[in-house]
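Read through the structure below, which is laid out as structure tokens, and then see the notes.
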Amino acid sequence: MSSKLGIKDLTSIEDLTTEQVWKIFRLAENIKLETFAGKQHHFLEGQTLGMLFQKPSTRTRISFEVGMTQLGGHAIYLGWNDVQLGRGETVPDFARVVSRYLDGIMARVFTHEHITQLAEASRVPVINGLSDLLHPCQGLTDLFTMWEKLGPLDGKKLAFVGDGDNNVTHSLLNACAKLGVDITVGCPKGFEPRNEFVSHASEAVDVTITNDPDEAVAGADAIYTDVWVSMGKDEER
């Protein structure tokens with residue numbers, strides 16, 4: 001699963017340049033159209049993706065598994081407690097062992113540190129399928145959908161309404177900054193996105209944080225709604 005984009009891992013959208021994001025979008029657009037037309041693809045023929053799940057997910061598992069199949073490869077589901085991680089093996093040791101068998105690793109975990117540990121120790125590409133801090137595949141997919149539906153993204157406005165201090169919001173801020181999309185986040189007081197992501201995105205696009213959902217969606221080209229209680233934060237309900 002060597003990358004033609006010149007990167008090894010996708011732990012964050014910040015791993016990508018704007019040019020690389022557009023290459024991904026255009027490739028995805030072509031593959032999507034050709035797949036609907038009945039064309040089969042063999043880009044990943046003979047290659048295997050290990051899918052490590054500490055956090056369960058219906059859509060993440062299905063999308064990665066189907067995606068590997070449609071590209072001619074194979075995916076293996078690895079539950080956190082089904083491998084040696086559930087018996088005390090360290091994440092770096094796990095990465096070193098399984099990367100001798102696999103061509104890539106996708107991980108959906110609670111702690112972002114586990115993603116960075118996997119990437120540092122693995123010989124093969126590591127994809128962040130979700131961590132407590134970032135959800136890059138989701139952010140890229142959402143901006144891809146905006147591009148499909150709205151055309152050129154430069155100067156468009158995205159409104160996010162929900163828990164601002166979560167992985168999706170942080171990755172949307174990263175993605176909007178890469179692609180010139182202004183973003184307003186409407187969230188409850190005390191649940192604002194982390195300042196590091198807001199400050200970084202503000203260097204490239206207009207970012208507004210508000211506790212008023214009506215203000216957030218005013219003038220938006222797209223509205224993104226999310227749960228008020230993020231997964232793993234039930235005590236904040």
Side-chain angles (χ1 to χ4, degrees), residues 1-17 19-21 23-25 27-28 30-32 35 40-141 144 167-168 170-171 174-175 231-232:
M1 296 182 70
S2 59
S3 173
K4 293 182 179 180
L5 296 173
I7 63 166
K8 173 180 174 284
D9 307 305
L10 179 58
T11 64
S12 165
I13 292 173
E14 287 305 294
D15 292 337
L16 303 168
T17 65
E19 181 183 4
Q20 288 169 334
V21 172
K23 283 183 178 180
I24 291 172
F25 281 11
L27 178 61
N30 289 336
I31 291 176
K32 185 175 180 179
T35 299
Q40 294 186 341
H41 299 91
H42 306 281
F43 300 118
L44 299 179
E45 187 171 0
Q47 300 194 44
T48 302
L49 175 72
M51 305 186 303
L52 177 64
F53 281 83
Q54 187 179 31
K55 257 187 177 181
S57 171
T58 302
R59 294 162 189 79
T60 301
R61 179 174 180 179
I62 291 174
S63 60
F64 272 93
E65 196 158 338
V66 170
M68 284 298 294
T69 300
Q70 289 180 340
L71 295 177
H74 177 64
I76 299 176
Y77 178 87
L78 303 169
W80 190 270
N81 291 318
D82 298 329
V83 294
Q84 295 299 322
L85 286 166
R87 302 177 182 87
E89 184 174 66
T90 67
V91 171
D93 280 346
F94 170 83
R96 283 188 283 268
V97 170
V98 302
S99 62
R100 298 179 69 179
Y101 297 89
L102 302 170
D103 300 290
I105 299 168
M106 184 280 291
R108 184 177 169 93
V109 299
F110 286 102
T111 305
H112 189 72
E113 183 183 7
H114 288 155
I115 294 291
T116 58
Q117 289 175 342
L118 283 168
E120 288 169 1
S122 173
R123 300 182 184 182
V124 298
V126 171
I127 299 170
N128 179 1
L130 175 143
S131 70
D132 60 341
L133 188 66
L134 294 169
H135 200 349
C137 295
Q138 183 73 56
L140 290 170
T141 302
F144 175 80
N167 44 32
V168 172
H170 297 154
S171 286
N174 285 342
M231 187 183 295

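Computed from heavy atoms alone, side chains included, the values below leave out hydrogens, waters and symmetry copies. Everything numeric in this text was worked out from a predicted model, so none of it was measured.
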Here the gap from I7 atom CD1 to D15 atom CG, rounded to the nearest 0.5 Å, amounts to 6.0 Å

With a 4.5 Å cut-off on side-chain heavy atoms, are L10 and L140 touching? yes

Output for pair (Y77 OH, M106 CE), nearest 0.5 Å, gives 9.0 Å

Side chains of R123 and R100: closer than 4.5 Å at any heavy-atom pair? yes

Give the minimum heavy-atom separation between A119 and K8, together with the two atoms involved. O-NZ, 3.2 Å

If you take all heavy atoms of A107 and L118, which pair is closest and at what distance? CB-CD1, 3.5 Å

Can you tell me how far apart CG (D82) and CZ (R87) are? Round to the nearest 0.5 Å. 8.0 Å

Write down the atom of P136, the atom of S171, and the distance for their closest heavy-atom approach. N-OG, 3.4 Å

Verdict with supporting geometry, R108 and F64, side chain to side chain contact (heavy atoms under 4.5 Å, CB included): CA-CA 11 Å; R108 184 177 169 93; F64 272 93; over 6 Å; no

Locate the shortest heavy-atom distance separating L102 from G50; write the atom from each residue and the value. CD1-CA, 3.6 Å

Tell me whether T17 contacts the main-chain N or O of Q20 through its side chain, where contact means a donor paired with an acceptor under 3.5 Å. yes

Within a reach of under 6.0 Å around CD of E89, are more than 12 heavy atoms found that belong to other residues, nucleotides or ligands? yes

Please round to the nearest 0.5 Å and tell me the distance separating atom NE2 of H112 and atom CG of L133. 5.5 Å

So do F110 and K55 actually touch side chain to side chain, heavy atoms under 4.5 Å? yes

Could you go step by step and tell me if L71 and I31 meet the side chain to side chain contact (heavy atoms under 4.5 Å, CB included) rule? CA-CA 9 Å; L71 295 177; I31 291 176; 4.1 Å; yes

Spacing of L134 atom CG and N174 atom CG [to the nearest 0.5 Å]: 6.0 Å

D103 and P125 have their tightest heavy-atom pair at O-CD, 3.4 Å

So among L85, V98, V126, which one has a side chain to side chain contact (heavy atoms under 4.5 Å, CB included) with L52? L85

How far does NE2 of H170 sit from OG of S12, to the nearest 0.5 angstrom? 11.5 Å

Measure across V97 and Y101 and return the closest heavy-atom pair with its distance rounded to 0.1 Å. O-CD1, 3.3 Å

I'd like to know whether I62 forms a side chain to side chain contact (heavy atoms under 4.5 Å, CB included) with R59, so could you lay out the CA-CA distance, the side-chain angles of the two residues, the decisive distance to 0.1 Å, and finally the verdict. CA-CA 5 Å; I62 291 174; R59 294 162 189 79; 5.9 Å; no

Validation row: D93, R96 side chains within 4.5 angstrom (heavy atoms): yes

Would you sort out whether F144 and I24 count as a side chain to side chain contact (heavy atoms under 4.5 Å, CB included), showing the intermediate values? CA-CA 9 Å; F144 175 80; I24 291 172; over 6 Å; no

